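Written out below as structure tokens is the structure these notes cover.
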Amino acid sequence: MQQKLKTINLIVGLFLIFTFSAAANAFVLDDKSNEEIPTQQIQMLKVSVEDSVLSASSLQKSKFHPFSKDSISKEAQSLWLKISVRNESSKQDFLLATSFFDYLKVCYPDSNHKIKCLFSGTNLDHSQKNIILGTDSYLPLILGKGENEFYVFCTKEKKSTQQYAPLPFTIYSDQAFAELKNNTSVFLHFFLGAIIIMTIYNLALYFIVRKKFYLLYIANNFVIILFVLAQTGLLELRLFSSFKYHEILVLLLGNVAFTFYMLFTKSILNSKKWDPLWNNRVKKGLIVWSLLNILVFI
């Protein structure tokens, strides 16, 4: 009797393990999807740039291999990625997001069974993008009910370093993306509003007491505003045609903000009078720090 119970428990256990494993392998989309696509759902095919024009039939016949982030080399390269998802949402409108690639072309069959392609990427001109929110690439997808398979052509240039996410792609439902866009806008306006109010207040104080550290504080706040605008991509929308210089701009403005912060700290503590040794070390350190900004461009 005990042997039978052990056998039954073993069978039930194996069944549950199999069930949960199968469930884990299926990447399911719902009305509130805001998830990174696991690498198990992505396959890759390394190609030359000329192969970006492969037909649907050629892609379907090609032999794809399992994708891993480590397989993306630091050299310039082009890839076709095949992504599989299952749509259990009541919606068909989704967005594919990534910060990984300089140029992207997403292809999938439309309702007439024709291949439709959309373009994005960090280095693509702003005017050619369907959606701009920050520096990530967002591409609209229309996915029917049930199993879906679509293809992404990706190009990465040799000096590309903008790879923030642990996984290459995130997929959003239209509802989740609307919430992301709204939350991003609210937080940004609140933060910038607070910084601007503090800047105006300290400017007024400077005209009253005429202390140098107020000017340094104001300069620091101004650079922080530029730094945040650069992080969100709003600065580059005004200054450049793409987000190609995003990393350089963020690093440079971050270092300049740090320099003004240290100058403000040194001034308000009056370290020249109370701790000349520390004051001298900070002064020399900031000179070296400023020179190191040259490495940002290298």
Side-chain angles (χ1 to χ4, degrees), residues 23-42 69 81 83-101 104-108 110-111 116-122 124 126-150 152 154 162-197 224-238 242-243 246-247 249-250:
N25 289 333
F27 185 72
V28 180
L29 303 175
D30 57 34
D31 288 348
K32 295 184 178 180
S33 284
N34 176 6
E35 302 176 54
E36 292 178 334
I37 300 176
T39 52
Q40 299 95 310
Q41 309 304 128
I42 306 173
K69 185 177 176 181
L81 302 179
I83 302 177
S84 303
V85 297
R86 187 166 77 243
N87 181 16
E88 293 187 358
S89 166
S90 60
K91 310 285 186 180
Q92 291 188 326
D93 296 325
F94 294 87
L95 281 139
L96 187 71
T98 181
S99 64
F100 259 54
F101 301 100
L104 292 164
K105 181 172 75 170
V106 172
C107 300
Y108 60 96
D110 60 16
S111 56
K116 182 177 182 179
C117 294
L118 298 167
F119 300 88
S120 192
T122 305
L124 187 71
H126 302 314
S127 59
Q128 298 180 42
K129 292 185 178 181
N130 296 77
I131 298 169
I132 298 178
L133 178 64
T135 57
D136 287 356
S137 300
Y138 293 92
L139 284 159
L141 294 173
I142 299 176
L143 303 176
K145 284 281 188 179
E147 301 293 334
N148 285 269
E149 189 173 85
F150 57 93
V152 185
C154 314
Q162 187 176 342
Q163 297 184 5
Y164 300 136
L167 290 173
F169 295 101
T170 302
I171 197 161
Y172 294 90
S173 66
D174 57 345
Q175 180 180 339
F177 182 73
E179 291 175 2
L180 172 71
K181 192 173 181 179
N182 181 62
N183 293 339
T184 301
S185 177
V186 169
F187 175 79
L188 179 63
H189 283 88
F190 175 80
F191 180 82
L192 292 179
I195 292 288
I196 290 170
I197 289 171
I224 286 176
I225 290 173
L226 293 178
F227 174 73
V228 172
L229 291 176
Q231 277 194 318
T232 57
L234 293 174
L235 192 62
E236 287 132 298
L237 283 173
R238 299 290 184 184
S242 71
F243 294 118
H246 179 72
E247 293 291 334
L249 201 57
V250 169

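Computed from a predicted structure; not experimentally measured.
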Euclidean distance, [Y] [atom2] relative to [X] [atom1], rounded to 0.5 Å:
{"X": "H126", "Y": "I132", "atom1": "NE2", "atom2": "CD1", "result": "6.0 Å"}
{"X": "L133", "Y": "T232", "atom1": "CG", "atom2": "OG1", "result": "9.5 Å"}
{"X": "L234", "Y": "L226", "atom1": "CG", "atom2": "CG", "result": "11.5 Å"}
{"X": "L237", "Y": "L229", "atom1": "CG", "atom2": "CG", "result": "10.5 Å"}
{"X": "H246", "Y": "T122", "atom1": "NE2", "atom2": "OG1", "result": "8.5 Å"}
{"X": "I195", "Y": "I224", "atom1": "CD1", "atom2": "CD1", "result": "5.5 Å"}

Next on the checklist: Using side-chain heavy atoms (C-beta onward) and a distance below 4.5 Å, is L235 in contact with F227?
Outcome noted: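 No, side chains not in contact.
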Checklist entry - Is any side-chain heavy atom of L96 less than 4.5 Å from a side-chain heavy atom of V152? => result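 Side-chain contact under 4.5 Å: yes.
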Identify the heavy atoms of [X] and [Y] that sit nearest to each other, and give their distance.
{"X": "G233", "Y": "T135", "answer": "CA-CG2, 3.9 Å"}
{"X": "F169", "Y": "C154", "answer": "CZ-SG, 4.3 Å"}
{"X": "L104", "Y": "S137", "answer": "CD1-CB, 3.7 Å"}
{"X": "S242", "Y": "E236", "answer": "O-CB, 4.2 Å"}

Checklist entry - Can F94 and V85 be said to form a side chain to side chain contact (heavy atoms under 4.5 Å, CB included), step by step? => result CA-CA 12 Å; F94 294 87; V85 297; over 6 Å; no
Quick one: side chains of residues 176-192, donor-acceptor pairs under 3.5 Å with protein atoms, not counting sequence neighbours, listed by atom name and distance.
unit_1, atom_1, unit_2, atom_2, d
N183, ND2, E179, O, 3.2
T184, OG1, L180, O, 2.7
S185, OG, H189, ND1, 3.4
H189, ND1, S185, O, 2.7

Next on the checklist: Check whether K145 reaches the backbone of R86 with its side chain - one donor and one acceptor, N or O, closer than 3.5 Å.
Outcome noted: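 No; judged by distance alone, with no hydrogens or angles, the pair does not exist.
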Next on the checklist: Test your reading of the model: is there a side-chain donor-acceptor pair from K129 to the backbone of L139, 3.5 Å cut-off?
Outcome noted: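 No, the answer is negative, given that no donor and acceptor are paired below the 3.5 Å cut-off.
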Item to check | Counterpart residues, side-chain hydrogen bond (donor to acceptor under 3.5 Å, both in side chains), relative to Q231 (two or more places apart) | outcome: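 Residues passing side-chain hydrogen bond (donor to acceptor under 3.5 Å, both in side chains) with Q231: none at all.
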